[in-house]
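First comes the structure, then the notes that go with it.
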There are 2 protein chains.
Amino acid sequence: MFDGIRQYYQELIPKLSDEEWQQLENRLVIESYPKGSLVCREGENCKGVYYIHKGLARLYYTVDGREICTGFAKEGEYLSEYDSFLTQSPASQSMDVLEDTIAINLPYEKMQDLYRNYPIFNQAGRKIAEGLFILISRYNTRLLTLSPEDRYQYIIDNQYHLIQRVPQYMLASFIGISPEHLSRIRKKMTR
Amino acid sequence: MFDGIRQYYQELIPKLSDEEWQQLENRLVIESYPKGSLVCREGENCKGVYYIHKGLARLYYTVDGREICTGFAKEGEYLSEYDSFLTQSPASQSMDVLEDTIAINLPYEKMQDLYRNYPIFNQAGRKIAEGLFILISRYNTRLLTLSPEDRYQYIIDNQYHLIQRVPQYMLASFIGISPEHLSRIRKKMTR
DNA sequence: CTTTTCCATTAACATATATCAAGAAGCCAA
DNA sequence: TTGGCTTCTTGATATATGTTAATGGAAAAG
């Protein structure tokens, strides 16, 4: 069950000892979410960082009753409303799951506890934050520098699993356009 | 000269010792940039993280010969093309200075050196990455959930110094609109 | 199996915002 | 002071993209 996470951390901290891993493992919480259920609602404090063991989760804003997706995480990936998690303040995005999902949660307090008592985890925390920064930064770059068509092409080339597992109207908002416009772009591209 | 930085780090690492601070200080490089000069050109590897001692710096994409600003840093703030810095790969954004600027640079190799030999700096690195994540994440939130007018109002309310020190056409691209459109928004708002 | 709900497509139309172009205003240099 | 940049404003026009609405098919639910 924890193999994936352990490997993940061992890449972040090559010299992680068995004792330290054990301390981390003791603090992990396995959680199960049926398709469509919320992991965190906008306005609540995000309670943890979630390693997706199985399934698919999504991060999104709700604006005027409309949803704008900004991220997805499948098996082996992490997801969190990390701003809310770090600052323990109300989340501006919600998280839900698009498929039945098993997540492994590292709750906020346990993580702080880990930082305090086993400082080596600061190294992991640093690399996780750096990785998330790079992720959002590149997402930003694509939104600001590519055309809608090129943004869709990027997903085809680099995140094809999303095309297979995520409804098109969610991908449209992820790309920053309306579902109708994405449909037209797709039509144009197949010609 | 280094007072600002030292205070900055001491907030990130409350138990930073004199010895450790000395190690950091030894690795800092003071650099001077005349108004308009480049700190890092798109395509080059970003060489460091820059603490702005005096002046004002800017981060921006160049798309079809047009500039799109994504961030500014004034005295007491940090700036870097952090993706490029972390991965030591070509930057997708350039950095330049809008006023005569003195920056204190912590170069990549020295920072890695610090992480290796004084692991406590991982804690600072973590908090810096977390802070940058929060910064870009909130910028993203504003771009995706606010109207152009509200994005401009946000700057008035929260970053008024930018209005005083940054040309309006740069703010327009920072907000994600054309200079002409910002001019019209301003006209409308004063009514 | 049906029935219902959800989702993708398509077309007609609306609109926010960009683009182009010209002039005015401020600012710096000589 | 004068001229030349740079920046801001304003108007006319263009266009990409959104909106609304209708249809049909696929998937889920019963």
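Chain naming here is simple, since letters A, B, ... match the order of the sequence lines and numbering starts at 1 in each.
- Between the CG atom of B:Leu144 and the C1' atom of D:dG18 there is a distance of 16 Å, rounded to whole Å.
- B:Tyr9 and B:Gln7 share no side-chain donor-acceptor pair at under 3.5 Å.
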Polar-atom pairs under 3.5 Å, protein N or O versus N or O of nucleotides 23-30 of chain D: list them with distances, or write none.
none

Inset, instruction - Before giving the answer on side-chain hydrogen bond (donor to acceptor under 3.5 Å, both in side chains), spell out for B:Thr141 and A:Tyr61 the whole-Å C-alpha distance, their side-chain angles and the decisive distance to 0.1 Å. - result: CA-CA 8 Å; B:Thr141 299; A:Tyr61 298 98; 2.5 Å; yes
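- The stretch residues 153-189 of chain B touches DNA chain C through B:Gly176, B:Ile177, B:Ser178, B:Glu180, B:His181, B:Arg184, each having a heavy atom under 4.0 angstrom from the strand.
- Counting only N and O atoms by type, the side chains of A:Asp157 and A:Gln153 include a donor and acceptor under 3.5 Å apart.
- Distance B:Glu149 CD to C:dT15 C1': 16 Å, rounded to the nearest Å.
- By the 6.0 Å and 45° rule, B:Arg186 does not stack over the aromatic ring of B:Tyr152.
- Considering only residues two or more places apart in sequence or on other chains, B:Arg151 meets the salt bridge (Lys or Arg N to Asp or Glu O under 4.0 Å) condition with none of them.
- Between B:Tyr115 and B:Phe121, a ring centre-to-centre spacing not shorter than 6.0 Å is recorded.
- Side-chain N/O atoms of A:Tyr8 and A:Gln10 include no donor and acceptor closer than 3.5 Å.
- In terms of phosphate contacts, A:Arg66 brings no side-chain nitrogen or oxygen within less than 4.0 Å of OP1 or OP2 of D:dG18.
- Donor-acceptor pairing under 3.5 Å is recorded for the side chains of A:Ser17 and A:Glu20.
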